[in-house]
Enquirer: 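This is the structure I want to talk about, given as structure tokens.
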Amino acid sequence: MTLFATVHTDIEGIRHALARLDVPCYVVDTGHGIGVTTEEPASAIASVGPLPANRLGSSAFQARHGIAHSYLGGAMAAGIASEEMVIALARAGFLGSFGAAGLLPDRIERALRRFAAEIPELPFAANLIHSPSEQALERSTVDLYLRHGVRCVEASAFMDLTPHIVRYRVAGLRRAADGPVATNRVIAKVSRPEVAERFLLPAPEPIVTGLLSDGLVTAEQAALAREVPMADDITVEADSGGHTDRRPLVALFPVIARLRDKLRPGVGLGAAGGIGTPQAVAAAFTLGADYVVTGSVNQSCVEAGTSDLVRRLLWGAEIADCGMAPAADMFELGVDLQVLRRGTLFPMRARQLCELYRRYDGLDALPATEKDRLEQQILRQPLDKVWKQVVEYFLHRDPTQVQRASDDPKRRMALVFRWYLGMASRWATTGEPARVIDYQIWCGPAMGAFNDWARGTYLAENRRVADVAAHLMRGAAFTLRVQQLALAGVRIPVEYRP
């Protein structure tokens, strides 16, 4: 018998033994303390079987997406979930989702061409974000995905189904010998049961009928749409960076899981929000998740499409260093998102803009003192100059935005304020040194938790996304083995460390 360690003499040896996840481990009483061995003894106090990281979650999810691990690197908007990040995850056996939200079609197309050149046989996803204020952009993104044969989208921020997400799903339906096949896969990220229900059910008949009459789907596809749900997988998003309802995962997940089991048991269920440590990953799988989704922690990796200044701010974040601020894409609706508060005044300044929008009917209605403070402290340029930039921007992106604001002062005010909110994220990703205090950095408490766990290890800085994914999954398997021993009455004070 090879004895690796005893609790009283060699905690690192115990860690080493339990980290051999592909072999069984046995706990024995050595007479001097608890010992752990990988060879079966004559008598054992407790034992745990092999638990490689690729056995966590759902094998069906892995097979559906052609990956080795039940792990998705979620889409962070504006290309923060970059091409480099998606490619690195794909090559390591994980699924990565390109952060297409907020990007123009030509920028998205460059990314799709790169994927086709560098990972032609490997799976990836691309984000499709609901854009209630920019329907033309949502439509053009779907046009692009269909033209380039993108086979998986991560649908986010949807409050209801739109013709564009329905078109993507239905246009990929075909009939096989054993029933309908959905070649266009949808992973829907939701935080409310009523939204989850829309993705668990087939596409709404009126929308499908409209797509058929417009020649965007075939009659056969319209008929098949009645037989399949809108999504293959649903990610339950708890308190997270960016858009979030800030629901606790342990409360939200069971509710949507029961709904899934009632309506469509075959749909996968993932867990997102707060996933930043091996213990969090293990907890998600214990809840019944088929896969886990990370976000904030990936933004601190070298492959993320953001600046080194942002990475350094994220490396220093603690668990309470996040706050809420108005979202640029849903500003008029009063929707908030979660951002890093430490090292930036963005949350406070964004809130000031929101308050001005609520109190006044337009920019011309602003008191002189408010206008001066707005121009000098926040915008740092005259309102007329900002409006000129807004017009130039939307003439390329969505001209109807400017048309709608031409005779609507409130709408014009919203577009000017959205300029600051949008530029704040751009200043962060490009690393604009003069605007550090205005950086908008989407971030949730998972970042602080990861930093606390990684402190003192090589992952404290210079992180690589596939390395982070591998350690989180391996650490989760390790954590679950320790918990299995605890259920057997053997508590070992040991934690996985990278």
Side-chain angles (χ1 to χ4, degrees), residues 73-87 89 96-112 114-115 124-134 136-138 140-141 144-145 150 153-157 189 237 240-244 293-311 313-314 325-331 335-340 344 346-347 350 389-390 393-394 396-398 401 415 417-432 435-436 438-444 447 465:
M76 289 172 286
I80 295 173
S82 65
E83 295 96 316
E84 291 79 9
M85 184 176 293
V86 171
I87 291 169
L89 288 170
S97 181
F98 177 64
L103 300 179
L104 292 174
D106 61 342
R107 171 67 180 84
I108 301 172
E109 189 164 26
R110 289 203 305 272
L112 298 182
R114 184 173 174 186
F115 297 149
F124 71 91
N127 186 219
L128 178 64
I129 192 167
H130 178 42
S131 304
S133 300
E134 298 181 76
L137 189 61
E138 189 178 324
S140 63
T141 303
L144 195 61
Y145 289 165
V150 174
V153 301
E154 185 185 16
S156 60
K189 187 163 61 176
E237 185 182 27
S240 64
H243 291 283
T244 178
V293 182
T294 54
S296 297
V297 297
N298 299 331
Q299 191 174 188
S300 67
C301 295
V302 297
E303 298 92 345
T306 192
S307 64
D308 287 337
L309 284 172
V310 166
R311 270 184 276 270
L313 286 171
L314 290 170
D329 57 343
M330 299 184 184
F331 178 76
V335 175
D336 286 345
L337 41 69
Q338 190 160 205
V339 298
L340 184 67
T344 172
F346 171 78
Q389 295 176 58
V390 169
Y393 174 78
F394 280 113
H396 294 285
R397 186 182 182 105
D398 185 2
Q401 296 283 335
L415 292 183
F417 289 174
R418 284 173 58 188
W419 173 90
Y420 171 79
L421 300 177
M423 289 301 297
S425 61
R426 179 174 176 79
W427 293 324
T429 56
T430 60
E432 176 59 48
R435 285 287 197 164
V436 173
D438 292 299
Y439 280 6
Q440 178 184 178
I441 305 170
W442 302 308
C443 181
M447 188 74 263
V465 67

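Heads up: numbering here begins at 1 and tracks the sequence.
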Enquirer: Apply side-chain hydrogen bond (donor to acceptor under 3.5 Å, both in side chains) to the pair S240 and E237, showing each step before the final yes or no.
Expert: CA-CA 7 Å; S240 64; E237 185 182 27; 2.8 Å; yes

Enquirer: Report yes if some heavy atom in the side chain of L415 is under 4.5 Å from a heavy atom in the side chain of F394; otherwise report no.
Expert: yes

Enquirer: Once rounded to the nearest 0.5 Å, what's the spacing between atom CD of E303 and atom CD of E84?
Expert: 8.0 Å

Enquirer: For the CG atom of L314 and the SG atom of C301, what is their distance to the nearest 0.5 Å?
Expert: 10.0 Å

Enquirer: Is a side-chain donor-acceptor pair under 3.5 Å present for S296 with Q299?
Expert: no

Enquirer: How many angstroms lie between OG in S425 and OH in Y439, if you round to the nearest 0.5 Å?
Expert: 12.0 Å

Enquirer: Roughly how far apart are I108 CD1 and Y145 OH, rounded to 0.5 Å?
Expert: 5.0 Å

Enquirer: Between V150 and L112, does a side chain to side chain contact (heavy atoms under 4.5 Å, CB included) hold up when you go through it step by step?
Expert: CA-CA 8 Å; V150 174; L112 298 182; 3.7 Å; yes

Enquirer: Work out which heavy atom in A325 is nearest to a heavy atom in P347; give both atom names and the distance.
Expert: CB-CA, 4.0 Å

Enquirer: Roughly how far, to the nearest 0.5 Å, is the CZ atom of R435 from the CG atom of L309?
Expert: 15.0 Å

Enquirer: Tell me the closest heavy-atom pair linking M76 and N298, and the distance in Å.
Expert: CE-CB, 3.7 Å

Enquirer: Would you sort out whether F417 and F331 count as a side chain to side chain contact (heavy atoms under 4.5 Å, CB included), showing the intermediate values?
Expert: CA-CA 9 Å; F417 289 174; F331 178 76; 4.0 Å; yes

Enquirer: Locate the shortest heavy-atom distance separating S97 from V86; write the atom from each residue and the value.
Expert: C-CG2, 3.8 Å

Enquirer: Could you check V310 against T429 for side chain to side chain contact (heavy atoms under 4.5 Å, CB included), going step by step and ending with a plain yes or no?
Expert: CA-CA 7 Å; V310 166; T429 56; over 6 Å; no

Enquirer: Tell me whether the rings of W427 and W419 are parallel (<30°), tilted (30 to 60°) or perpendicular (>60°).
Expert: perpendicular

Enquirer: Check whether any side-chain N or O of Q338 sits under 3.5 Å from a backbone N or O of G242 as a donor-acceptor pair, and report yes or no.
Expert: no

Enquirer: Do the side-chain N and O atoms of H243 and D329 include a donor-acceptor pair separated by under 3.5 angstrom?
Expert: yes

Enquirer: Could you check if a side-chain atom of I87 sits within less than 4.5 angstrom of a side-chain atom of R114, using non-hydrogen atoms only?
Expert: yes

Enquirer: Looking at L104, L103, L144, which hits side-chain contact (heavy atoms from CB on, under 4.5 Å) with E109?
Expert: L144

Enquirer: Taking all heavy atoms of S82 and all of G305, pick out the closest pair and write down the distance.
Expert: CB-N, 3.8 Å

Enquirer: For D308, enumerate each residue passing the salt bridge (charged side-chain N to carboxylate O under 4.0 Å, His left out) test, keeping only those at least two apart in sequence or located in another chain.
Expert: R311

Enquirer: Does atom CZ of R426 have more than 12 heavy-atom neighbours, drawn from other residues, nucleotides or ligands, at distances under 6.0 Å?
Expert: no

Enquirer: Report yes or no: does N127 contribute a side-chain atom to a donor-acceptor pair with the main-chain N or O of E154 at less than 3.5 Å?
Expert: yes

Enquirer: Determine whether L421 and F346 satisfy the following criterion, side chain to side chain contact (heavy atoms under 4.5 Å, CB included), listing intermediate values before the conclusion.
Expert: CA-CA 9 Å; L421 300 177; F346 171 78; 3.8 Å; yes

Enquirer: Could you pull out the closest heavy-atom pair between V465 and M85, with the gap in Å?
Expert: CG2-CG, 3.8 Å

Enquirer: Ignoring hydrogens and geometry, is there a side-chain-to-backbone donor-acceptor pair from T244 to G241 under 3.5 Å?
Expert: no

Enquirer: Would you compute the distance between atom OG1 of T141 and atom CD1 of I129 and round it to the nearest 0.5 angstrom?
Expert: 10.0 Å

Enquirer: Looking only at side-chain N and O atoms, does D438 offer a donor or acceptor that is under 3.5 Å from a partner on T344?
Expert: no

Enquirer: Can you give me the closest heavy-atom contact between A75 and A81, atom names plus distance?
Expert: CA-CB, 3.9 Å

